[in-house]
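Here is the structure we will look at, set down as structure tokens.
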There are 2 protein chains.
Amino acid sequence: MRTSKPRENAPGSLTRDRIIEAANVMFAEHGVEGVSLRELTVRAGVNLAAVHYHFGSKEGVLAELFARSSKPIVEWRLELLSKVRRHRDGCPVLEDVLDAFLRPALHAGRRQNASFVHLRARLALERGEATRRILSESFDESSRQFMDALAAAMPDLPREELNWRFHFLIGAMVYTMADSGRIQTLSDGTCDPSASEAALERMVAVFAGVFRAGVSGKVRANVRRRSRQV
Amino acid sequence: MRTSKPRENAPGSLTRDRIIEAANVMFAEHGVEGVSLRELTVRAGVNLAAVHYHFGSKEGVLAELFARSSKPIVEWRLELLSKVRRHRDGCPVLEDVLDAFLRPALHAGRRQNASFVHLRARLALERGEATRRILSESFDESSRQFMDALAAAMPDLPREELNWRFHFLIGAMVYTMADSGRIQTLSDGTCDPSASEAALERMVAVFAGVFRAGVSGKVRANVRRRSRQV
DNA sequence: GTCTATACAGTGATAGAC
DNA sequence: GTCTATCACTGTATAGAC
């Protein structure tokens, strides 16, 4: 059983890289279930069995792809977070925190990034145990740091409220990343969230309002009816 | 070729009903790709070929399932919309409009509703042409009516702004419906959007704030920096 | 260690007998 | 209308070549 364990190696192998690269664009375009390992391996120029030798299974390919692609996103996030501006009292500027969280996620600028953005969104809605684990592995730590940063930016916002609003934020983010085309249809093309720069700007503005709502601080309180108990 | 066209019949056939019913719970639980027609037909107690006879394809089953299940949701939405309270000036109450839109969508109370909620969310993130068409068919008209109602509730909000905020609303709604379990993890169980009554209440409150933000009306304007051009 | 050919059980779809 | 038999194709497994 322990004769050889080639699963987790340094990414030196060309075969591994070719498989991952092909998977990145193909999974995002047609969905994980929508692309067969035959098509994938043909496009990658490798043998079918190489997939199982290197990654164990189709899902193994997905996991490795996620581990690789999420890394630069998370790093970029943390870099932006470290540069966040601060108020006189030391609290981070809410807009900057949101920007640091959303910009790397929405960015689909170069290379295969656009593919991964779509793929990630698609997976974020899955309920499978495996998918859930893959996503957690890649993004939990970073997400927690940002929830803490949001809490620091809005110290008077109860944690429970923050959780809910963060949930809605992720929802809007994921839906924007998925680019389902729905709002394009409904707005007759006037509104296009796939223009990520515009989407980013809107999201930061809108959700800064969301996180500020209902707290009595330097910004005036939201006075409308607030139902207290859940 | 035109000897018989059994595709679009009255839903009298027991076989059809049994297939749809099985598909509803199984698709939602394991995803469309996660359940084979063999399993499905065994559970439905019908022959494998009956699926293709009645619905043409697996996707045909999905389309029919959507057409059936979306109907009560849309009807309920419009019923609630017709009862929306109004201000002195005749404008609909924003919270009531949001409630009318979200309540039927999030409601997972009885029977197979919960399954359909998950299924719908999952499909809302797909990018496939077929899926997109199925969703449009079922929900476009109702969604447009609600966008108009929102515009009526917030007459001073530019349509472009409304489009974006509606897009974010759908994102948060869909993500809540999907119940990916992500915020439960991140909040260590404190926050649970699968409790649909609580989620509904929060969403209505939060997004009422979203749609009101930045408009100078009976509610005070949001004065913070507003970047104008896209 | 790395890669390949080949085989296997399970998939959606279909043709044709009844 | 319904069912059996069968098709081409899927992910996976393994024996064995370099």
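Treat the numbers as computed from the prediction; the structure is a model and nothing was measured.
- Using modelled atom types and a 3.5 Å distance limit, the side chains of Thr176(A) and His167(B) yield a donor-acceptor pair.
- Residues satisfying the side chain to side chain contact (heavy atoms under 4.5 Å, CB included) criterion with Ala44(A), sequence neighbours excluded, are Arg18(A), Ala22(A), Val46(A).
- Spacing between atom CG of Leu40(B) and atom P of dT11(C) amounts to 12 Å, rounded to whole angstrom units.
- Following rounding to the nearest Å, Phe27(B) (CZ) and dG12(C) (C1') show an atom-to-atom distance of 12 Å.
- For Glu79(B), the side chain to side chain contact (heavy atoms under 4.5 Å, CB included) partners are Trp76(B), Lys83(B), not counting sequence neighbours.
- The separation between Asn47(A) atom CG and dA17(D) atom P is 16 Å, rounded to whole Å.
- Within 4.0 Å (heavy atoms only), Ala50(B) reaches no atom of the nucleic acid at all.
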For nucleotides 8-12 of chain D, tabulate all protein N/O to nucleotide N/O atom pairs closer than 3.5 Å, reporting atom names and distance.
unit_1: dT10(D); atom_1: OP1; unit_2: Ser36(A); atom_2: OG; d: 3.2
unit_1: dG11(D); atom_1: OP1; unit_2: Val35(A); atom_2: O; d: 3.3
unit_1: dG11(D); atom_1: OP1; unit_2: Leu37(A); atom_2: N; d: 3.1
unit_1: dG11(D); atom_1: OP1; unit_2: Lys58(A); atom_2: NZ; d: 2.9
unit_1: dG11(D); atom_1: OP2; unit_2: Leu37(A); atom_2: N; d: 2.6
unit_1: dG11(D); atom_1: N7; unit_2: Arg38(A); atom_2: NH1; d: 2.3
unit_1: dG11(D); atom_1: O6; unit_2: Arg38(A); atom_2: NH2; d: 2.9
unit_1: dT12(D); atom_1: OP2; unit_2: His52(A); atom_2: NE2; d: 3.4
unit_1: dT12(D); atom_1: OP2; unit_2: Lys58(A); atom_2: N; d: 2.9

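- Side-chain N/O atoms of His54(B) include none lying less than 4.0 angstrom from OP1 or OP2 on dG1(D).
- With sequence neighbours excluded, no residue forms a salt bridge (charged side-chain N to carboxylate O under 4.0 Å, His left out) with Asp192(B).
- In this structure, the CZ atom of Arg16(B) is 11 Å from the P atom of dT2(D), given to the nearest Å.
- By the side chain to side chain contact (heavy atoms under 4.5 Å, CB included) test, Ala124(A) pairs with Leu135(A), Val174(A), sequence neighbours left out.
- For Val32(A), the side chain to side chain contact (heavy atoms under 4.5 Å, CB included) partners are Phe27(A), Lys58(A), Leu62(A), Leu119(A), Leu123(A), not counting sequence neighbours.
- Proximity of Tyr53(A) to the phosphate of dC3(C): no side-chain N or O atom is located under 4.0 Å from OP1 or OP2.
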